[in-house]
Each structure stands twice: as C-alpha cells, then as structure tokens.
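Proteins get letters first, then strands, A, B, ... in listed order; numbering begins at 1 in each.
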2 protein chains.
Amino acid sequence: MASIKDVAAEAGVSVATVSRVLNDHPSVSADARTRVLAAVEALGYRPNAVARSLRTDQTRTLGLVISDVLNPYFTHLARSVEEQARALGYSVIIGNADERPDLQDHHVRTLLDRRIDGLLVSPTDGGSPLMLDAARSGTPMVFVDRWIAGVDVPVVRSDGRTAVHDLVAHLHGLGHRRLAIIAGPAATTTGRERVEAFRQALAAYGLPLPDSHIGQGDFQAESGRRVMERFLDLAEPPEAVFAADNLMALGALDAVRVRGLRVPDDIALAAFDDIPWFVHTDPPITAIAQPTGELGRAAVRALVDRIEGRPPESVTLPARLVARRSCGEPASAEPRVLQKPPVLQEATASAEPSPATNRSQS
Amino acid sequence: MASIKDVAAEAGVSVATVSRVLNDHPSVSADARTRVLAAVEALGYRPNAVARSLRTDQTRTLGLVISDVLNPYFTHLARSVEEQARALGYSVIIGNADERPDLQDHHVRTLLDRRIDGLLVSPTDGGSPLMLDAARSGTPMVFVDRWIAGVDVPVVRSDGRTAVHDLVAHLHGLGHRRLAIIAGPAATTTGRERVEAFRQALAAYGLPLPDSHIGQGDFQAESGRRVMERFLDLAEPPEAVFAADNLMALGALDAVRVRGLRVPDDIALAAFDDIPWFVHTDPPITAIAQPTGELGRAAVRALVDRIEGRPPESVTLPARLVARRSCGEPASAEPRVLQKPPVLQEATASAEPSPATNRSQS
DNA sequence: GTCAGTCGTGTAAACGATTCCACGACTCAC
DNA sequence: GTGAGTCGTGGAATCGTTTACACGACTGAC
C-alpha cells in the first residue's frame, strides 16, 4: 500500500509538503498542491490512520459500551450515536457488554488500549475499578441511559418518573389494584429508579408494593419469563405487571402464553421502553417511551464538547406513556400517533421531543 | 499515560526487554521478567495498540459492514460475529450502511484507512468501485448473507430455496392461489434470489406470478407498507403476501391494520428472516428462519482463515420454514419448538443446526 | 544596495511500539 | 586454555505520519 513517501517521490516534493497538502495547510504553492493531488490520485493513496493517530495522539474515534445490542432500545441508541458522531467527524466503535460486567470491562480495556478519544457508557453494574479509574484519570467520558454515582461524569438520560406515575394512574383507572414489577438489576441506576418511581406512584394511590410483587430480573427475556411464572404461582397473582424493560416484557408474555392465559384479560402487562414491535404484539403493549434518538445525539454532543475542551452538559429528557391495549382499555386506535404508527416514525425520530427543549443542566 | 519507556526506566531494563516480556518472548531472565511485571503493575501500564499496529502492520481488528443495524436479523448476525471474533482474539468494528451505498462506501473507506486486518461485508448494492478495488487488491474479505458476483471472495450465506418451496407448499395447502411478493432491491443477491425462488416454487404448482404481484421494496419497513397498500388497491388483491425481510413484513402489517383488515382472514402474510417478536405479533407470523448465529461464526472463521494464511471456505447453510398462524392454519401451538418459544433459544443459538453439518465447499 | 519580512520548502525529530543485530558473560567439550 | 555455542540484554532502525525549525529566494521599503 502506497505511503506518503511514495506520493512525495511521485510528485517530486518532500513528505512534509505532501502532508501539508493533505491537511490543507495554507503555505503550499498552487503548483505543488496540484502535483501532490495528481500523485495521490495516480497511486490511489490513502493516509494511514494508524500512523496519523500515533503522531497526533488522537483517533477521532468514540467508544460506545452498551449493555445489550439485542435490545432494540440500545440498537436504536447506538444508531443515533453513530449518526451524530459521523456528523461531527468521529467514528464509533461499539462494545456489547451483554449485561455482563466482565465483558463490559473487556470492552472498556480494549477501547482504552486503542486510545479512543472518548467513551460513552451505559454501565451494566455499579462501576468496576477499571471504569472508575478511567473516569477519574481524566478519560473523556459520558454516561448515557444508566450512570454511576460518585464520579464526575456528565449523564445523558431520560427521567421516567412522570411517565411511571401516568402509567400507575392508567392502571388504577382501569381498576387494577394488585400491581407488580419485574425489576432490573439493583446495580444499575435504571434498575433501581424504575422500582422506586413505581413504588412512589403506588403510594400516591395508597397501594402497597409487597416484596412478593417485586420480582428480580436482569433486563433479559429469560428473567422476565421466570419472574412472571413466580407471579402466576402466587396464591393471589397480581392483576397488572410492569416490566422494567422490553426484553423482560417479552419473556413475561411468553410465560403468560405458555400457561394458556391471555393479556390483558387474565393479567395486564406494561413495559419500559417502547419499540416498533409493541404496536403489533398480541395485544399491543402499553409502554413508556424514551426519546432514544435524541438521547444518543445529546450524549455525543456532550462527549465531543468534553473532548474538544468545551464544558459538557448533562441532559435529562422526559419519557412519556404510550397506552395501548395490554392493560385492558378498550382502546379505539393507536393513541397519540394519529397519522402513522410509530414504527415508521421511529426511523426518522420525528415523534421525539424537539432537541431544543427539556434540557436541564447539572 | 505511561509508555514502554517509563516501564523500562522503572524496571531498570531496556525497552527491548520490556517488549519481550510483554510478548512473552522466551529469552528473558526470570529476574528481569518479574521486575518488568512489577513496573507494569506499579505504573498501570497498558501497551498502546496504535503504536503496536503501526509497527507490526496488523490491528487484530475485523470490519463488519452490514446493511441495517435496526434489522434484528443483522443485529443478531453482528453479535455472533463479535463473539466469534473475540474468541479468536480479534475485535470488530461495525459499520451500518442503512441500505445506502454511499454510507456503505464511507464505512469501507474508514475501515480500510484504519488498516483493519479483514473485512466482512453484506453488500447493499452490486458493488461500488471502492469495494471491487478492495476485493481485487487483496484485502482479506468475506461476504456474508449477500454477495457480489465476479469477485474472488468467499461467501457465507444461507440457501432459502427449499424453505421458500416449503412455504409455497404451505400456502397452497391452505388454499391460497393468488400469491404476491414484496421483493428486496434487485441490486442485492438476496433481493433477487428470494424472488427467483418464489417464482420457481410457484411454477412448480402451476401458479402465475404476474408483475402486478411483484412489489419492489428496499428491505425497509416503509417500503413494505407502500407495496402492501398497492396490493390492497388491486382489483383482485393477492390472497397471500410474502415479504422478503422482516422489516417489510412489519410495514405490510401496518398497512393491513390501517385499513381495518385482518391477517390472516383477509390476507395471509409470511416473511423471510425469523425474529423473536414474530411469536408475539398478532397473529404470530410464519417465517423462514436462517441459522443466523452460525452464519456469523462461519463468516468469521472464513475471514480469519484468510487473514492467517489458511485457505478460506465458502459456506452455505439451509434455512427452514417456521409455520405460524399468519397464513391461516388453525395452528395448535408453536411448531417445531416444543419446550420453549424461540425467543429464548435464539439467545443461546441452541435452536440452530449444528455447526459441523451442512457445509458445502466452493 | 542593504535589510527585514514573507513565502514555500525540506530536513529531521518525534509518537510508542517491535525486532534485527551485536555483544558480553557464561558453559562445556576438546 | 582455547574455541564454539548458548543465553540474556541493549542499541538502534523502523513503521507512516505531523510539525518545529532552518533556510533560500523573493519582495519592497529605506
């Protein structure tokens, strides 16, 4: 593969001049510039990013470590991150932790070894020594969706409290009193927060949340199935179940179906994180929708601000309830979305709140 | 960040010795080794992968350019690719082409600039000059799922012909005679092949496939919706529609629903590519399932073989029909999968054909 | 005609690793 | 005791860039 030396020889100039042309440095004559460009063309030369990175100490690359690629929420997030990064001239390397702290560490280590310019993380746990070290030692870093307390890292996330309250109001309005939750891992902020928000909302209606109605899941489908089975085995099973993410909701739906029961007739179901498929499940599933695309874009903006020396901004955006039929309402049609079902709007992010609003600084 | 020089100074040896310890080269004394290891520990030293790559001319990184990350099929593929690559000591950088040739080229170029060791591609089109150049100039490359004719690059894919034949038999058995297809882009092999297989299978039953019953889609949901609308507007709409991928099936389902019609009562629907959500849609969707995980793993094995100087092997694995209720059968339960619904099995790939079988060399 | 300033260019030193080669200190066979 | 071989080590070149610095050729003011 042709190097800058070959180009220099072909153009009859020094490598310094070639480099200057490539980085369009002003002080190079028009003549030299055209000769270099011709040589570049002739040889099909492409600069070696590895060498360039070594010299300049920057890779123009962002690392993104997410908890689970198979979760459509994170896939969507990853896509918007890549899009925004590309717009700002950065590449993204994705590491999939699969909700496993050891895998998460593996990816963080690999990304750090590659000297990425900054790291976007949605932590799977409370923070390994490695991650804490990275944060404290000044690696540009931003948490997205989930975060770790006690480190000085901006957080871009959505606040589901209001939406969870709306959900409980919705369930209460439909006559459900015995409510249960399939929780995420307590080591994650989203795992804890969603339970907490649910508990507070229930309290506002004078409803209890006994321990038997808090099932411990791990954000994966299999755990949703397991917890739902336990709920159904109870002497007095819950009337409505709230799954803290979409995969556990899917598992829960499996469990209900295997028993030959029906949603919402036998048991109501709702989920955190709305995804296009929820419109088409049997029945369509009531969910809390995050402004996923905007979350990804805001996270990249914050990280790039940090990398380029501007003060990064923490961002919190609101989530909203999308009521469908899985909790029992004789729904007329798809709510809120009048023109087209969400599936197609998700792709263009037009259904999301406007970027300019709902910011809060921290 | 500490460099190898700092470690050498700390340990009181030369950088050469440090390097030897790091790459566990045999000729280094036990004493020197422990001193170096202690210094590495003390300084929290991690080798700079950028510098290492420049020197050794290898990055131990694979590029994966896929057509659309939002498509669960490709997400699953990407995950299995990363898993297998990690097992073989490689990292993976994913580029999402979003079915856009220009974006695909962008990613190929970026990956090449980074001097990845090899490229896994599921081409969005018939092959841009850039991609053809890369293939011909000897970049280790393997096509997965889709391929480009006329270049000497191994292909790892699945053959859906038998499954498509089974599908047509299934539809015919249910009494459907007017069949239609929502095709993928003719520029892709999968786009063409699926139409071709469908046409041949119809011919075997003496059924016609008029042009009005071939809708041109682009593998995205919106196109599925559009084509389905056209089908429904026909004087004599088809009785059954086969979507060439899962996203177009989703769009088609939208279109049917918006008209207030029902699947399968008013129109039957089947899709290429099975995904966990199809079990829970209303109705559950009949689909052709590829051995996605094994495809990803085989592709990585082939690419790494090529990179490390062994002769790479093209692989073709069979796809299979998974009949559900969307074509009209009064299905008793989930077919073939008796213990658990596919959603949980997908994650562990246990439902896939064994890796050892069904190979074909090319 | 001299001198200061500009402009375009080239030389060479980094960046952080790997690896070839040379060399000194041994061991061991004769 | 000498010579050959082994072993551990360090010096230095190298990978492909960027960039500080020096320098020669101009220009233009005095």
Between dA17(C) (P) and Arg114(A) (CZ): distance, integer Å: 15 Å

Atom-to-atom span, CD1 of Ile4(A) to C1' of dG10(C) - whole angstrom: 13 Å

Sugar-phosphate only, base, or nothing, as touched by Val18(B) at under 4.0 Å among non-hydrogen atoms: nothing

Nearest-neighbour nucleotide for the Leu54(B) side chain, dT11(C), dC15(D), dT9(C) considered: dC15(D)

Short N-O contact, Asp98(A) and Arg100(A), less than 4.0 angstrom: no

Side chain of Ser27(A) (C-beta onward), nearest among dT9(C), dG10(D), dT18(D): dT9(C)

Per Arg52(B) side chain, nearest of listed nucleotides dA17(C), dT9(D), dG16(D): dA17(C)

His25(B) vs Arg115(B), nearer the 5' end of DNA chain D by closest nucleotide: His25(B)

Sugar-phosphate only, base, or nothing, as touched by Ser3(B) at under 4.0 Å among non-hydrogen atoms: sugar-phosphate

Below 4.0 Å: OP1/OP2 of dA17(C) and any side-chain N or O of Ser53(B): no

Whole-Å gap separating P (dG16(C)) and CE (Met1(B)): 11 Å

Atom pair distance, as rounded to whole Å: CZ in Arg55(A) and P in dG16(C): 10 Å

Sugar-phosphate, base or nothing in reach of Val50(A), heavy atoms under 4.0 Å: nothing

Salt bridge flag under 4.0 Å for residues Arg301(B) and Asp305(B): no

Ion pair check, Arg79(A) and Glu82(A), cut-off under 4.0 Å: no

Minimum-distance nucleotide to Ala16(A) side chain [options: dG8(D), dT11(C), dT18(C)]: dT11(C)

Whole-Å gap separating P (dG16(C)) and CZ (Arg46(B)): 16 Å

Salt-bridge criterion met for Lys5(B) and Glu10(B) (N-O under 4.0 Å): no

Distance below 4.0 Å between Thr17(A) side-chain N/O and dG8(C) OP1 or OP2: no

Presence of salt bridge, Arg157(B) and Asp145(B), under 4.0 angstrom: no

NZ/NE/NH1/NH2 to OD/OE distance under 4.0 Å, Glu99(A) and Arg146(A): yes

Asn48(B) side-chain N/O to dC15(C) phosphate OP1/OP2 under 4.0 Å: no

Atom pair distance, as rounded to whole Å: CG in Leu22(B) and P in dT19(C): 12 Å

Touch class at under 4.0 angstrom, heavy-atom based, for Ala49(B) against every strand present: nothing

Between C1' of dG8(D) and CG of Asp24(B), the distance in whole Å: 16 Å

Touch class at under 4.0 angstrom, heavy-atom based, for Asp57(B) against every strand present: nothing

Ser19(B) vs dA17(C): side-chain N/O to OP1/OP2 distance below 4.0 Å: no

Whole-Å distance separating the NZ atom of Lys5(B) from the C1' atom of dA13(C): 11 Å

Out of dG16(C), dA12(D), dT18(D), whichever nucleotide has its closest atom nearest the side chain of Thr56(A): dT18(D)

Check: dG10(C) base within 3.5 Å donor-acceptor of Arg20(A) side chain: yes

